[in-house]
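I have placed the structure first, in the form of structure tokens, so that the comments after it can refer back to it.
In listed order, ligands and their atoms are each counted from 1.
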Amino acid sequence: MDKVRVRFAPSPTGFLHVGNARTALFNWLFARQSEGVFILRIEDTDIKRSASEYESRLKKDLCWLGLDWDEGPDIGGRFGPYRQSLRIDIYRSYTQKLLEEGKAYYCFCSLQELEKERKRAISLGKMPVYSGRCQAISLEEARRRVDAGEQAAVRLRTPEKGDIRYNDLVRGTLNFDLKLIGDPILVRSNELPAYNYAVVIDDSLMEITHVIRGEDHISNTPRQILIYKALSLTPPQFVHLSLVMGKDNTRLSKRHGATAIDQFEKQGILSSSLFNYLALLGWAPPEGEEVLTKNELVELFNLKKVSRSAAIFDYDKLHWINRQHIKELSSRQKAELAYPYLKESKLLPEKMTDAHWEWLEKAVESLIERVDRFSDLPEQFVKLFEFSPSRMEDKTKEELETDCALRVIYLFAEKISRLDSFDYDKFASLTHEIKRETGCKGKDLYHPLRVALTARDSGLDLDKFIPLVEKGAKLSFPKPLKNCSQRISEVLNFLK
Ligand code: GLU
């Protein structure tokens, strides 16, 4: 087989979202596993809707996902330029050839006329296909009218009858009746190439071997094949990927949650997690394993095994995968990823000392298990920093007011006040003494202490909580962290 060459060809008219990121990713996986070439081509001929801001965002999001390209705008390559607006002359030369050969013709029909024709066809119960009226105008006459300033599109002359058949790697043989296609527009009256036309010329000149794209392009493919034929070019292998849907079986949209790639990034989904999850949208590894690294995916991915049924985007599963990828990170990496969210929530200072980082690593290690995403961490950290017995729920407060609880916490307060420093080992020996002196044990002993130290009735285990607040109380934070002895005395004041 020829060296695999695939491309991702976004139109810079919006952000990179789940659907087209999955398309880019399948192309990339296929290129990398076949040691082929992955090309980025910017399809910006819709000048009204294209914006360079979108292009830079698209490129940034692809980079964040780890989808690097071998040829493309900025880096170039043998088949550039890789931005369609810079290839207009190339398309123009093919158009002249097609016109000369009589395979294409100028169409002078106005939008109003075409609309009228369309409505008439629909009212007669026919498919609204262009009638081919302008086919009768000779090239000479058409050129005269164009030179005189009349606006014209260029259409491909297609056979009236017959069908177009092609083999899709995922869907098998697909057949289209030419009667339903009509003469596709190649060049619009504003002289810019239509999508179907530019894409054929580019895919062919860039020697693309496999066109892997969304199934919304299935109906464009027969038109593109007609153009390949007219230009005597060989079409590539087509692969159409199913749509990405929400759990309710409607097309994935903002209603379902985040859809733009940078939103996932902002939420603290790791790029390796999103990469992993996108690869599972319409494909599954042979052994059904779900948590996979980029390299494992390159190894296992199989384009032939891509499913033709709709892929359902399951946010819960993405979050679960994210948890698994987070587990693989070092404490330092976790702390660094958590920091921006905690700084933003004004829990951590702008300037972090080594001691702050050391503390943060431990704190993140303890609290990360409680969340799916880094963006949910501040909520957990707030529970460490906020300590207000007066805001305890009544039910929690009552837990402190039993006879046993009161004896335990008063004794604890007395003992802790005699210590110069406190840590979990000291907590363990104090509780041992308190048990002996009060006869309270098990839940009766530990639960009142947990409530007294946290003003909550659930949360981190004390062996994690105590070192965090003791060490943290020695550091400076926007909102200071109280140590155990401060906590106990506040609780006692409150209970008085
Ligand atoms: N620019 C087209 C799109 O974004 C590309 C389609 C294709 O891959 O052919 O949908």
Side-chain angles (χ1 to χ4, degrees), residues 4-31 36-59 61-62 65 67 69 71-73 79 81-88 91 164 166 168-171 174 176 184-186 188 192-228 231 233 235-244 251-252 259-261 278 282 303 306:
V4 163
R5 291 180 55 85
V6 292
R7 81 316 190 263
F8 176 54
S11 305
T13 55
F15 302 127
L16 187 68
H17 55 76
V18 167
N20 52 20
R22 194 259 316 236
T23 301
L25 188 129
F26 278 28
N27 274 286
W28 186 92
L29 284 175
F30 183 57
V37 176
F38 176 65
I39 296 165
L40 176 66
R41 184 173 72 223
I42 301 294
E43 304 209 325
D44 59 348
T45 54
D46 184 344
I47 38 175
K48 276 208 199 102
R49 292 173 57 226
S50 298
S52 61
E53 192 225 338
Y54 287 131
E55 184 184 322
S56 28
R57 289 274 302 268
L58 280 165
K59 290 194 276 202
D61 290 344
L62 288 173
L65 260 181
L67 303 178
W69 50 96
E71 296 174 21
F79 303 91
Y82 294 89
R83 186 176 286 116
Q84 288 187 328
S85 56
L86 299 177
R87 301 175 61 82
I88 303 296
Y91 310 129
I164 287 284
Y166 73 90
D168 185 293
L169 204 64
V170 171
R171 281 147 215 277
L174 297 173
F176 295 83
I185 290 192
L186 304 180
R188 301 185 188 288
L192 289 172
Y195 153 70
N196 279 320
Y197 185 47
V199 93
V200 165
I201 294 176
D202 290 348
D203 284 343
S204 174
L205 291 180
M206 294 179 185
E207 298 181 3
I208 300 300
T209 54
H210 298 72
V211 163
I212 308 168
R213 60 185 170 201
E215 75 174 18
D216 42 336
H217 288 290
I218 287 189
S219 61
N220 285 321
T221 310
R223 291 175 177 82
Q224 292 174 16
I225 291 175
L226 287 166
I227 300 171
Y228 276 104
L231 293 169
L233 299 170
Q237 170 71 59
F238 291 104
V239 186
H240 287 100
L241 307 174
S242 61
L243 292 180
V244 181
R251 203 170 171 163
L252 193 72
T259 55
I261 299 308
L278 289 175
L303 193 58
V306 166

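Between the side chains of Gln224 and Asn196, at least one donor N or O lies within less than 3.5 Å of an accepting N or O. Looking at Tyr82 and Glu71, their side chains do bring a donor and an acceptor atom within 3.5 Å of each other.
Residue-ligand proximity, Glu43 to ligand 1, at heavy-atom distances under 4.0 Å covers atoms 1 (N), 2 (C), 5 (C). In summary, the atoms of ligand 1 found under 4.0 Å from a heavy atom of Val199, numbered by their order in the structure, are 9 (O). Residue-ligand proximity, Tyr195 to ligand 1, at heavy-atom distances under 4.0 Å covers atoms 2 (C), 5 (C), 6 (C), 7 (C), 9 (O).
The OH atom of Tyr91 lies 7.0 Å from the CD1 atom of Ile201; values are rounded to the nearest 0.5 Å.
Of the listed options Gln84, Arg213, Arg7, His217, His217 places a heavy atom closest to atom 3 (C) of ligand 1.
Inclusion of Val211 in the set of residues having an N or O under 3.5 Å from an N or O of ligand 1 is not warranted.
Protein heavy atom in closest approach to atom 5 (C) of ligand 1: Ala9 O, 3.2 Å.
Between Phe238 and Tyr228, the ring planes lie perpendicular to each other; the angle is over 60°, past the 30° to 60° tilted range.
Counting only heavy atoms from C-beta outward, the side chains of Leu169 and Ile212 never approach each other to under 4.5 Å.
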